[in-house]
Structures are given as structure tokens and as C-alpha cells.
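What follows is a set of notes on a single structure, which appears directly below.
Just so you know, residue 1 is the first one in the sequence shown, and it goes up from there. Because the structure is a prediction, the values reported are computed rather than measured.
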Amino acid sequence: ASAWGISLHVPGGEPEPPGAASPFGQAVGPQYFETMGTTLREGRFFTDADQAPSSHVAIVDERTAHYFWPQGHALGSCAHLGSDTECAEIVGVVATTARWQITEHQEWYTVYVPLESGSARRVNMMEVRAKGDPTEIVDAIRRAMQSTAPSTPYATVQPLTVRLEPQVRP
């Protein structure tokens, strides 16, 4: 996956919110939502067929759908992402999830695009769902990542519980 600030324009829709509330783009693979346990509210998740440079589809979270499509018609709608003049079709709406801090209220709007689409940026993280104890596969994941991209710097691999633990301490 990768993530970056992105502009979102809906023809005839709400203007983009100013400042810190601007949309946040995230490029994800076809199993990302299932891996992260994200709930699909409407439409569908990405498929392998969406993973192409010519792909013009997107998924938005509920918060984004409610702001940019206040009449409730996000699914099937057009959205211009970044400088892309082609319209991206909204194929799904997912539950809104915490972005950086799980214990703080956040004002983010999230737009997901297929990892291999023309709207995506370089990959800088990967999510893996483990059966059993995730700490047992950390070294195997690191080796697989290094063998796939040998010029990549050392890969940091951490279970999600380790990443979240400092945020949930009393």
C-alpha cells in the first residue's frame, strides 16, 4: 500500500474541504480490505481486474461519501482524483477507520485506488494477515520482501498489536 494527500473533485458536488481535512489517498491491493477487516458498506471491493494502470475506479470511506455526496449517491458516481482528467467511478463505500492515532478524533477523508492504477504512488507499506502468532512469521516476511526487491533498504516488520500498543496504554 502507499498513501499521500490527494485532491478530490466531484462534478456538481461539494467543494474540497480546506486545510487538514483534505482527502487522503491510499493505493491498495485487491485483498487489502479483507486483510485489514474493513467493512464494506456498499458496492464492492477491488478485484484483480481493477489492478491495471488504465484503471479508473475508486473506493471511498463513509465519511468521504457523506461529505462529497450528501444526497447518498456516491456509488457509481464520478470523481476526479488529483490531476487525472478521467473520471474515476466509485465502486465501493467502506467503513471509516482511524488513520494515524486510534485514540484521537480525526478529520480525514479517505479515497482508495487500486495499487497498480495510474493514480497510485510507490508502495511503502504492506499488510499481511497471519494465522496464529504473527511474530512467528516476521523473519519470513522480511526475507520475502528483500528477495523481491533486493535494492530496498532494510524492511521493518511489526505486528499491528506492537504498532498500536503505545496508543492504548492507560
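Side-chain contact check for Phe33 versus Phe46: some heavy-atom pair is nearer than 4.5 Å. Contact of the Leu8 side chain with the Thr64 side chain is registered, since non-hydrogen atoms from C-beta on lie closer than 4.5 Å.
Phe45 and Val57 fall within a single hydrophobic cluster, where Ile, Leu, Val, Met, Phe, Trp and Tyr are joined by side-chain heavy atoms under 4.5 Å apart, directly or via other members.
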Q: Applying side-chain contact (heavy atoms from CB on, under 4.5 Å), run through Phe68 and Val60 and close with a yes or a no.
A: CA-CA 10 Å; Phe68 286 93; Val60 296; over 6 Å; no
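Between Tyr109 and Phe24, the distance from one ring center to the other does not fall under 6.0 angstrom.
Between Glu62 atom CD and Glu42 atom CD the span is 9.0 Å, to the nearest 0.5 Å. To the nearest 0.5 Å, atom CG of residue Asp50 and atom CG of residue Leu115 are 12.0 Å apart. A distance of 7.5 Å separates CE of Met36 from OG1 of Thr97, quoted to the nearest 0.5 Å. Here the OH-CD1 distance, from Tyr112 to Ile6, works out to 12.5 Å after rounding to the nearest 0.5 Å. Atom NE2 of His9 sits about 8.0 Å away from atom SG of Cys78, to the nearest 0.5 Å. Separating the CD1 atom in Ile59 from the OG1 atom in Thr110 is a distance of 12.0 Å, to the nearest 0.5 Å.
Nearest heavy-atom pair, Ala74 versus Val93, reported as atom, atom and distance to 0.1 Å: CB-CG2, 4.2 Å. The two atoms that bring Arg41 and Ala95 nearest to each other are NH2-CB, 3.6 Å, heavy atoms only. Contact record, Ala58 with Leu81: CB-CD1, 4.1 Å, taken as the closest heavy-atom pair. Contact between His80 and Glu86 at its shortest, heavy atoms only, is ND1-O, 3.5 Å. Across Ala79 and Cys87, no two heavy atoms sit closer than the pair N-SG, 3.5 Å.
Judged by distance alone, with hydrogens and angles left aside, the side-chain atoms of Thr35 form a donor-acceptor pair with the main-chain N or O of Gln31 at under 3.5 Å. Between the side chain of Thr96 and the main chain of Arg63, a donor-acceptor pair closer than 3.5 Å is present.
Shown here are the side-chain contact (heavy atoms from CB on, under 4.5 Å) partners of Glu89, two or more places apart in sequence or in another chain: Val91.
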